[in-house]
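Let me begin by presenting the structure, written as structure tokens, before commenting on it.
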Protein chains: 2
Amino acid sequence: MPYPAKTNSEEILQVALELLEQDASSLSMRNLAERLDIKAPSLYKYFADKEALELALVEEGALALYRTLEKAAQTLKTREAFFAFARAYIEFARERPELYTLLMTKLTPATQDSSGKMLWNFVLKLISKITRKPDDTAAAVAFWSFLHGYGVLERSGMFGESGPKGGLEVGLEAFLKGLPKSR
Amino acid sequence: MPYPAKTNSEEILQVALELLEQDASSLSMRNLAERLDIKAPSLYKYFADKEALELALVEEGALALYRTLEKAAQTLKTREAFFAFARAYIEFARERPELYTLLMTKLTPATQDSSGKMLWNFVLKLISKITRKPDDTAAAVAFWSFLHGYGVLERSGMFGESGPKGGLEVGLEAFLKGLPKSR
DNA sequence: GTCTATAAATAGATAGAC
DNA sequence: GTCTATCTATTTATAGAC
């Protein structure tokens, strides 16, 4: 065989993920190929275009986030699960900011593969336990909005050197106390 | 005069704003120059580089948002001002999404010119009236996080065809009821 | 499946004449 | 202040040989 396979889809995704997390702008087909020790055109045998590769990364990211959240909240009682979930969510956004950004930029219901749906269902169930309403979409939307906004603004440096000064905790407590509950 | 001035900084900013709001990716120096009926290099007599131009746009955007919010909330009592503010904020993000995105991407305390500070102070005062704590930074951070997150996710299409289903209202009520208040 | 060569497009920015 | 000409750098993607 004159040209035996030098890589495979999984490895490509793995290295792409490393590049992305290092610096989103470094994820180019050229750059990726170089890291894999192949030439850029070869990548197109594995992924139709860059978009396809990014969607695969989003799927991976959604799964990673889901697992992180599940691990953090499982076995805990509702109230503790709520805080653990939120903490883990923000931590994920902090530690893997480029992956998180790609994820939230490309994860729409249309894009939503299994991981995206699992993620949404997990938030929905957790929050519904808090409000004691099955499938409390409105509360889940509100809660996710808060977490996402906080994660984004914290990273943007909007809150300055002094930091967000307890904004996360205050917001979480407000939701816990203020969300309308059945019964 | 062989080469009389064909434009000025204000006009450049005006047209740049139009381009941006039409489509963020259409805001290139070339494109901008064409719309102004000059050649691209001439722009560098007015702005040192693209970054400088964008910062000027951020300043404009922050001022526009501030005016919108102030107009919406002024003369109203605390509770009504709170809802009017939130509604106006989300409406701004909806109607001028590209400007809003640039704004929130580049508006950090380091960047913060007068408009940015006015914006933050306005949020801070409003929310401090709700919680009855002077300079309640934590509550302001939480509130702004929620609004920003909601605006972003709504635009991203994350909530799907069915829409956010009352998530905004539920979140606002939760804050109003759940934020810790003095006295 | 890998390669070389190249297309095709884009961008920001500078030099120097007028 | 405006212009022409150009530099420099980047990207995604395809054609076709091996």
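Reminder, nothing fancy here: chain letters follow the sequence lines and each chain counts from 1. Just the heavy atoms: all of them, side chains too, but no hydrogens, waters or symmetry mates, feed the values below. Quick caveat: nothing in here was measured; it's all calculated off a predicted structure.
- For the salt bridge (charged side-chain N to carboxylate O under 4.0 Å, His left out) condition, the pairs that include at least one residue of residues 148-164 of chain A, sequence neighbours left out, are A:R94-A:E154, A:E98-A:R155.
- Here D:dT11 presents its C1' atom at 15 Å from CG of A:L53, a figure rounded to the nearest Å.
- The main-chain N or O of B:K133 is found under 3.5 Å from a side-chain atom of B:S128 such that the two form a donor-acceptor pair.
- We find that CG of B:L27 is positioned 15 Å from P of C:dT10, with the value rounded to whole Å.
- Taking atom CZ on A:F47 and atom P on D:dA13, their separation rounds to 13 Å, with Å as the unit.
- Between B:Y100 and B:H148, the ring planes are tilted. Angles from 30° to 60° get that label.
- Contact annotation: A:S42 does not reach the phosphate of C:dG1 (side-chain N/O to OP1 or OP2, under 4.0 Å).
- Computed from coordinates, the B:E34 CD to C:dT10 P distance equals 11 Å when rounded to whole Å.
- Atom C1' of nucleotide D:dT10 and atom CG of A:N31 are separated by 11 Å, given to the nearest angstrom.
- Contact between the side-chain N/O atoms of B:K6 and the OP1/OP2 oxygens of D:dC3 is found at a separation under 4.0 Å.
- When side chains are defined from C-beta on, A:L65 counts as touching A:Y89, because their heavy atoms get closer than 4.5 Å.
- What separates NZ of B:K39 from P of C:dC18 is a distance of 18 Å, to the nearest Å.
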N/O-N/O pairs, protein side and nucleotides 13-16 of chain C side, under 3.5 Å:
residue: C:dA13; atom: OP2; partner: B:Y44; partner atom: OH; Å: 3.3
residue: C:dA13; atom: OP2; partner: B:K50; partner atom: N; Å: 2.9

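- The CG-P distance, from B:L36 to D:dG1, rounds to 14 Å in whole Å.
- Between A:V141 and B:K165 the shortest side-chain heavy-atom distance does not fall below 4.5 Å.
- The side chain to side chain contact (heavy atoms under 4.5 Å, CB included) check on B:V123 picks up B:F85, B:A140, B:F143, B:W144, with sequence neighbours excluded.
- Comparing D:dG1, C:dA11, C:dG1 by their closest approach to the side chain of A:Y46 singles out C:dG1.
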